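Beneath this line is the structure, given in structure tokens, with notes to follow.
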Protein chains: 2
Amino acid sequence: MEISLFLIGLTPSDVGKLNRLVIPKKHAVKYLPLINEDQNEREEGEIVEDVEVVFYDRTMRQWKFRYCYWRSSQSFVFTSGWKRFVKEKNLKERDVIVFYTCDLEGQSNNFLMIDVHYYSEDDSVVTGKKVNESVHYSSEGQVKTQNFVNSKLKQDEAKPVEENKGGFMLFGVKIQ
Amino acid sequence: MEISLFLIGLTPSDVGKLNRLVIPKKHAVKYLPLINEDQNEREEGEIVEDVEVVFYDRTMRQWKFRYCYWRSSQSFVFTSGWKRFVKEKNLKERDVIVFYTCDLEGQSNNFLMIDVHYYSEDDSVVTGKKVNESVHYSSEGQVKTQNFVNSKLKQDEAKPVEENKGGFMLFGVKIQ
DNA sequence: GAGACCACCTGGAAT
DNA sequence: CATTCCAGGTGGTCT
């Protein structure tokens with residue numbers, strides 16, 4: 001089954017000329033590989049300065065991003081590879097990307113997935129908060145956009161979808 | 001006594017969002033600390049990439065600027081600290097900043113001073129030249145703005161004020 | 001040469 | 001209050 005890890009609502013900068021995606025720290029430290037955030041960390045811990053992370057989209061196309069920490073702004077970012085993703089997925093501000101881990105019934109071939117949810121005026125949006133914090137969906141498990149909305153994902157919270165006996169859900173489709 | 005080193009007439013960019021002040025090269029190389037202008041300069045010459053320069057205004061408030069060379073535009077600039085100066089002095093384009101060195105009668109406590117001359121329509125301006133090159137004053141030693149105009153400073157030229165026996169001039173005021 | 005990438009910087013907002 | 005975070009920037013390097 002797939003487990004939704006976190007969502008990111010895209011800012012103008014995320015899809016603009018800066019060619020980077022800022023990963024909110026709370027998600028970065030929780031779900032992404034450990035990277036060196038500390039100036040004087042040079043121990044055996046195998047903590048590295050940056051790392052290549054690999055995701056798959058719904059078509060199982062592979063996407064690689066350089067994931068690193070910018071000390072000066074104390075922020076976690078995807079750099080290399082992000083621009084291509086934005087262009088080929090035609091991402092715009094307020095679109096939402098969703099990160100999943102795909103756990104295939106105890107098999108060892110877990111992998112990470114990435115998918116996009118294009119912004120629509122129809123989606124209800126919590127007002128008065130910035131994009132990153134205002135993501136939620138009003139539908140009851142209804143597939144609204146690209147056949148891909150997990151119901152009741154609210155307020156940028158990661159929330160596993162419920163398990164289905166005898167199969168698993170992948171991008172809103174039940175696999176037997 | 002104080003010695004006027006040079007003037008800079010502020011451009012829109014100097015007071016805008018670029019957060020930098022371009023120092024005309026002729027003044028930078030003549031009056032400011034040597035910084036590394038050359039790609040392959042790595043010798044013992046103690047020439048550094050950038051430097052913090054310290055000035056004092058008429059109230060003896062200290063102002064620090066990062067002074068560095070931008071290879072891409074081949075220009076000498078103040079960066080860090082400049083924006084705060086612009087904001088707190090409420091500088092606008094065509095205002096003029098004046099750099100002084102303050103030489104206290106052979107004492108070793110020389111220091112650099114910075115002051116502002118706010119633009120006024122009354123000031124006659126040489127036409128047809130850009131702001132940086134068109135600075136001059138029409139008054140005959142008359143203090144016009146903020147009690148601070150040194151007379152006959154023309155065409156962006158550095159020109160020492162005449163010495164006064166028994167004291168020195170500081171921001172247009174004779175110190176005994 | 002233009003664009004992508006890289007390691008920095010900054011101000012405002014949130015905490 | 002001070003500190004952290006991060007959206008929006010920068011110049012420089014490489015391709």
Side-chain angles (χ1 to χ4, degrees), chain A residues 6-32 35-39 41 48-53 63-89 91-97 119 126-135 155-156, chain B residues 13-23 25 28 35-42 48-52 63-88 90-91:
Chain A
F6 59 93
L7 315 178
I8 296 180
L10 300 181
T11 68
S13 291
D14 290 332
V15 297
K17 294 174 184 173
L18 300 184
N19 300 333
R20 61 96 180 101
L21 170 70
V22 172
I23 313 291
K25 179 172 183 170
K26 58 183 175 187
H27 299 140
V29 299
K30 189 167 182 180
Y31 298 113
L32 295 181
I35 52 177
N36 192 355
E37 190 181 345
D38 192 330
Q39 181 90 340
E41 199 87 30
V48 92
E49 291 295 318
D50 60 82
V51 66
E52 185 181 77
V53 289
W63 296 93
K64 295 179 178 180
F65 305 108
R66 179 173 186 256
Y67 168 55
C68 61
Y69 180 71
W70 282 350
R71 220 163 249 118
S72 55
S73 54
Q74 302 184 132
S75 48
F76 297 84
V77 287
F78 286 177
T79 57
S80 304
W82 175 247
K83 164 128 188 138
R84 174 173 295 113
F85 188 77
V86 169
K87 185 194 282 183
E88 301 205 17
K89 298 292 187 184
L91 293 175
K92 307 296 181 193
E93 65 178 279
R94 296 155 96 174
D95 291 338
V96 175
I97 58 173
Y119 176 77
V126 176
T127 57
K129 308 192 72 178
K130 63 184 166 69
V131 174
N132 254 332
E133 301 297 334
S134 66
V135 176
Q155 294 287 73
D156 208 6
Chain B
S13 291
D14 289 332
V15 298
K17 295 174 183 173
L18 299 183
N19 300 334
R20 62 97 181 102
L21 170 70
V22 172
I23 313 290
K25 179 170 181 172
I35 52 178
N36 192 354
E37 191 182 344
D38 192 328
Q39 179 91 339
N40 303 320
E41 201 86 31
R42 279 293 176 283
V48 91
E49 291 294 318
D50 59 82
V51 67
E52 184 182 75
W63 297 94
K64 295 180 177 177
F65 305 108
R66 178 170 187 258
Y67 168 56
C68 60
Y69 179 73
W70 282 353
R71 255 182 266 296
S72 54
S73 54
Q74 299 185 124
S75 50
F76 297 85
V77 288
F78 287 176
T79 57
S80 306
W82 175 247
K83 186 192 177 67
R84 174 171 294 113
F85 189 77
V86 169
K87 185 196 280 185
E88 300 205 18
N90 193 30
L91 294 174

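Numbered from 1 within each chain, the chains take letters A, B, ... in sequence-line order. A quick note: this is a predicted structure, and the numbers were derived from the prediction, not measured.
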- Message: Measure NZ/Lys87(A) against C1'/dC5(C) and give the value in whole Å, please.
- Response: 14 Å
- Query: Distance check: side-chain N/O of Arg71(A) vs OP1/OP2 of dC5(D), anything under 4.0 Å?
  - Reply: no
- Message: Please compare Asp50(A) and Lys83(A) by the position of their nearest nucleotide in DNA chain C and report the one closer to 5'.
- Response: Lys83(A)
- Task: Side-chain contact test, heavy atoms from C-beta onward, threshold under 4.5 Å: evaluate it for Val22(B) versus Trp70(B) and give yes or no.
- Result: no
- Message: Heavy atoms within less than 4.0 Å of DNA chain C: which residues of residues 74-81 of chain B have one? Give them sorted by number.
- Response: Ser80(B)
- Item | Short side-chain N/O contact to dA4(C) OP1/OP2 from Arg84(A), under 4.0 Å | no
- To the nearest Å, how far apart are Leu10(A) CG and dA7(D) C1'? 13 Å
- Within this structure, what is the NZ-to-C1' distance between Lys17(B) and dG9(D), rounded to whole angstrom? 11 Å
- 5' precedence on DNA chain D between Trp70(A) and Ser73(B) (nearest-nucleotide basis): Trp70(A)
- Message: Within the 4.5 Å heavy-atom criterion, are Trp63(A) and Arg84(A) side-chain neighbours or not?
- Response: yes
- Output yes when at least one side-chain N/O atom of Ser13(A) is less than 4.0 Å from OP1 or OP2 of dG8(D), else no. yes
- Message: Please identify which of these residues, Phe6(A), Phe76(A), Tyr67(A), meets the ring pair (Phe, Tyr, Trp, His ring centres under 6.0 Å) condition with Tyr31(A).
- Response: Phe6(A)
- Can you check the Asp14(A) CG to dC6(D) P distance for me, whole Å? 11 Å
- Item | Protein-nucleotide distance (Leu18(B), atom CG; dC8(C), atom P), rounded to Å | 22 Å
- Message: I want to check something: taking the side chain as every heavy atom from C-beta on, are Val77(A) and Trp82(A) in contact at a cut-off of under 4.5 Å?
- Response: no
- Message: What's the separation between atom CG in Asp95(A) and atom CG in Leu10(A), rounded to the nearest 0.5 Å?
- Response: 6.0 Å
- Item | Integer-rounded Å distance: dC6(C) C1' and Glu52(A) CD | 16 Å
- Query: Looking only at heavy atoms, what is the nearest atom pair of Ile35(B) and Cys68(B), with distance?
  - Reply: CD1-C, 3.4 Å
- Geometric class of the Phe85(A)/Phe65(A) ring pair [parallel <30°, tilted 30-60°, perpendicular >60°]: perpendicular
- Task: Can you tell me the distance, in whole Å, between the CG atom of Asn19(A) and the P atom of dG9(D)?
- Result: 14 Å
- Message: What is the separation between atom CZ on Arg20(B) and atom P on dG11(D), rounded to the nearest whole Å?
- Response: 8 Å
